[in-house]
Amino acid sequence: MGNLTSISIFGFWANWTPFFFVGVLCVIILYFLICGKWYKDIPGGRPLRKGEAVLFVILMLSIYLLEGGPIDLLSHIIFSFHMLQMALLFLIIVPMLFFAIPEYIVKYVEELPVINKIVKLFTKPILAIFLFNGLFSVYHIPLVLDTLKQDVVLHDLYTIILFISAWFMWHPIFNRHISEENQMSNIKKILYIFFIGVLLTPSCGLIIFSGNAMYDTYTSGEAWLGAMTLCVPADTLNAVVQGTGLSGPEYFTNFSPLEDQQTGGVIMKVMQEIVFGVYLYIIFIRWFRYERKNEKQITEDSLRKLQERKALYNQFR
């Protein structure tokens with residue numbers, strides 16, 4: 001049988017997930033109600049900025065395409081699309097949400113009872129960075145990924161937990177509601193991003209340099225079809241299988257399973273390097289501008305701290 005080049009054979013519902021789109025649309029409507037109409041009832045509320053609104057809509061539509069559109073379907077068929085989905089969702093979309101959601105809303109939610117304790121604990125830099133990277137690495141253990149890919153409840157739950165842990169991880173760098181003096185210093189932010197990249201490297205390296213294809217849900221026909229039930233209605237999938245003899249991802253790609261797996265690892269690592277390079281550049285530019293703008297104040301603060309240290313030293317001589 002020749003390669004099937006179009007995922008349209010799985011039908012409209014599998015490709016576009018209308019119910020998920022309705023959910024995303026409801027989130028967008030709620031966002032505009034809160035930020036555009038009810039903001040006066042929230043402490044520190046202010047009118048919504050145009051840039052925030054545009055960015056939020058773009059991010060929500062991107063989430064829809066990644067989790068409910070064709071990219072989600074392709075991520076269940078081809079491993080490299082799964083890694084593309086991971087990179088876009090957790091390395092770009094999550095941190096950009098900090099710039100799309102007004103800071104007073106984030107502050108209000110994070111100060112709610114119970115939530116404030118959770119946020120305070122899990123946004124501690126060391127814990128946050130190990131939590132996300134640990135969950136990401138565990139996700140890509142073959143047994144774990146194959147299990148999650150064949151159980152819709154476990155898969156969706158783990159994805160939500162990963163999303164929340166990614167929010168915690170980016171919080172120390174991109175939050176906008178914490179005062180400047182309580183923020184991480186710019187040099188610490190740079191080291192923090194570098195450390196995230198270091199912790200992502202082992203899982204990417206394992207995927208790239210493995211000598212064999214590790215995931216049954218992308219190699220074994222039975223497991224692959226089981227994974228496809230997460231995004232394709234059962235009757236549609238059965239009709240496609242019976243009508244075409246479809247039995248695996250080889251019908252949609254010219255890559256071997258190992259090549260597909262290695263490509264996925266490379267996509268994740270290359271996107272991480274590019275995105276982190278952009279973030280480091282932004283932080284450095286902000287740092288430079290802050291130093292130039294507050295040069296006199298910084299000098300005075302440094303002299304004051306030096307004098308305090310000298311006074312303390314002389315006190316205990």
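The first residue of the sequence shown is numbered 1, and numbering continues consecutively from there.
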Using 0.5 Å steps for rounding, measure from the [atom1] atom of [X] to the [atom2] atom of [Y].
{"X": "F10", "Y": "N15", "atom1": "CZ", "atom2": "CG", "result": "8.5 Å"}
{"X": "M228", "Y": "L230", "atom1": "CE", "atom2": "CG", "result": "10.0 Å"}
{"X": "L206", "Y": "S137", "atom1": "CG", "atom2": "OG", "result": "9.5 Å"}
{"X": "C231", "Y": "L237", "atom1": "SG", "atom2": "CG", "result": "8.5 Å"}
{"X": "E273", "Y": "L280", "atom1": "CD", "atom2": "CG", "result": "9.5 Å"}
{"X": "I34", "Y": "L48", "atom1": "CD1", "atom2": "CG", "result": "11.0 Å"}

Under a 3.5 Å distance rule, please check whether [X] uses its side chain to pair with a backbone N or O of [Y] as donor and acceptor.
{"X": "S203", "Y": "L200", "value": "yes"}
{"X": "D146", "Y": "Y215", "value": "no"}
{"X": "Y39", "Y": "G44", "value": "no"}
{"X": "R49", "Y": "P102", "value": "no"}
{"X": "T229", "Y": "G226", "value": "yes"}

Problem - Qualifying salt bridge (Lys or Arg N to Asp or Glu O under 4.0 Å) pairs with a residue from residues 21-38, counting only residues at least two apart or across chains - result: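 Sorted result for residues 21-38: empty, none.
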Handout entry: Pairs where residues 117-136 contributes a residue and the test salt bridge (Lys or Arg N to Asp or Glu O under 4.0 Å) is met, not counting sequence neighbours
Key =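 Residue pairs passing salt bridge (Lys or Arg N to Asp or Glu O under 4.0 Å), neighbours aside: none found.
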Treating Ile, Leu, Val, Met, Phe, Trp and Tyr as nodes and any side-chain heavy-atom pair under 4.5 angstrom as an edge, say whether [X] and [Y] lie in one connected cluster.
{"X": "L143", "Y": "L148", "value": "no"}
{"X": "F136", "Y": "I141", "value": "yes"}
{"X": "I178", "Y": "I126", "value": "no"}
{"X": "L97", "Y": "L30", "value": "yes"}
{"X": "I190", "Y": "Y192", "value": "yes"}

Does [X] [atom1] have over 12 foreign heavy atoms under 6.0 Å away?
{"X": "Y108", "atom1": "OH", "answer": "no"}
{"X": "R286", "atom1": "CZ", "answer": "no"}
{"X": "Q183", "atom1": "CD", "answer": "yes"}
{"X": "F255", "atom1": "CZ", "answer": "no"}

Practice task
Could you give me the CA-CA distance, side-chain angles and deciding distance for F195 and I129, then say whether side-chain contact (heavy atoms from CB on, under 4.5 Å) is met?
Solution key: CA-CA 8 Å; F195 198 34; I129 201 172; 3.5 Å; yes
Distance flag, aromatic centroids of [Y] and [X], threshold under 6.0 Å:
{"X": "W224", "Y": "Y251", "answer": "no"}
{"X": "F32", "Y": "F56", "answer": "no"}
{"X": "F168", "Y": "F132", "answer": "no"}
{"X": "W170", "Y": "F276", "answer": "yes"}

Could you list the donor-acceptor pairs under 3.5 angstrom formed by side chains in residues 157-167, with sequence neighbours left out?
unit_1 : atom_1 : unit_2 : atom_2 : d
Y158   : OH     : L135   : O      : 2.8
T159   : OG1    : H155   : O      : 2.8
S165   : OG     : I161   : O      : 3.3
S165   : OG     : L162   : O      : 2.8

Handout entry: Residues which pass side-chain contact (heavy atoms from CB on, under 4.5 Å) with V266, listed by chain and number, not counting sequence neighbours
Key =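 With neighbours one apart ignored, the set is I208, V270.
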Practice task
Dump the intermediate steps for side-chain hydrogen bond (donor to acceptor under 3.5 Å, both in side chains) on N254 and E259, then the final yes or no.
Solution key: CA-CA 9 Å; N254 293 322; E259 290 171 336; over 6 Å; no
Handout entry: Contact check, side chains of L127 and L121, non-hydrogen atoms, under 4.5 Å
Key =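 Counting from C-beta outward, L127 and L121 do come under 4.5 Å.
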Practice task
Compare all side-chain heavy atoms of N175 with those of T123 and state whether any distance is below 4.5 angstrom.
Solution key: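 Not in contact.
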Please tabulate, one pair per line, all N/O donor-acceptor pairs under 3.5 Å involving side-chain atoms of residues 73-95, not counting sequence neighbours.
unit_1 : atom_1 : unit_2 : atom_2 : d
S75    : OG     : D72    : O      : 2.6
S75    : OG     : Q85    : OE1    : 3.4
S80    : OG     : D260   : OD1    : 2.9
H82    : NE2    : H140   : NE2    : 2.9
Q85    : NE2    : L66    : O      : 2.5
Q85    : NE2    : D72    : OD1    : 3.3

Practice task
Name all residues meeting the side chain to side chain donor-acceptor pair (under 3.5 Å) criterion together with E110; count only those two or more places apart in sequence or in a different chain, and write none if there are none.
Solution key: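 Side chain to side chain donor-acceptor pair (under 3.5 Å) check on E110 returns H171, H177.
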Handout entry: Stepwise side-chain contact (heavy atoms from CB on, under 4.5 Å) check, V240 with V232
Key = CA-CA 10 Å; V240 170; V232 181; over 6 Å; no
Problem - ring-ring contact (aromatic ring centres under 6.0 Å, His included) between Y279 and F98, intermediate numbers included - result: CA-CA 13 Å; Y279 293 163; F98 284 96; over 10 Å; no
Practice task
Please lay out, stage by stage, how Q272 and I196 fare under the test side-chain contact (heavy atoms from CB on, under 4.5 Å).
Solution key: CA-CA 10 Å; Q272 174 236 304; I196 295 174; over 6 Å; no
Exercise for the section: Would you tell me whether N212 and Q261 have side-chain atoms, one donor and one acceptor, within less than 3.5 Å of each other? Expected result: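 No, Q261 and N212 have no side-chain donor paired with an acceptor closer than 3.5 Å.
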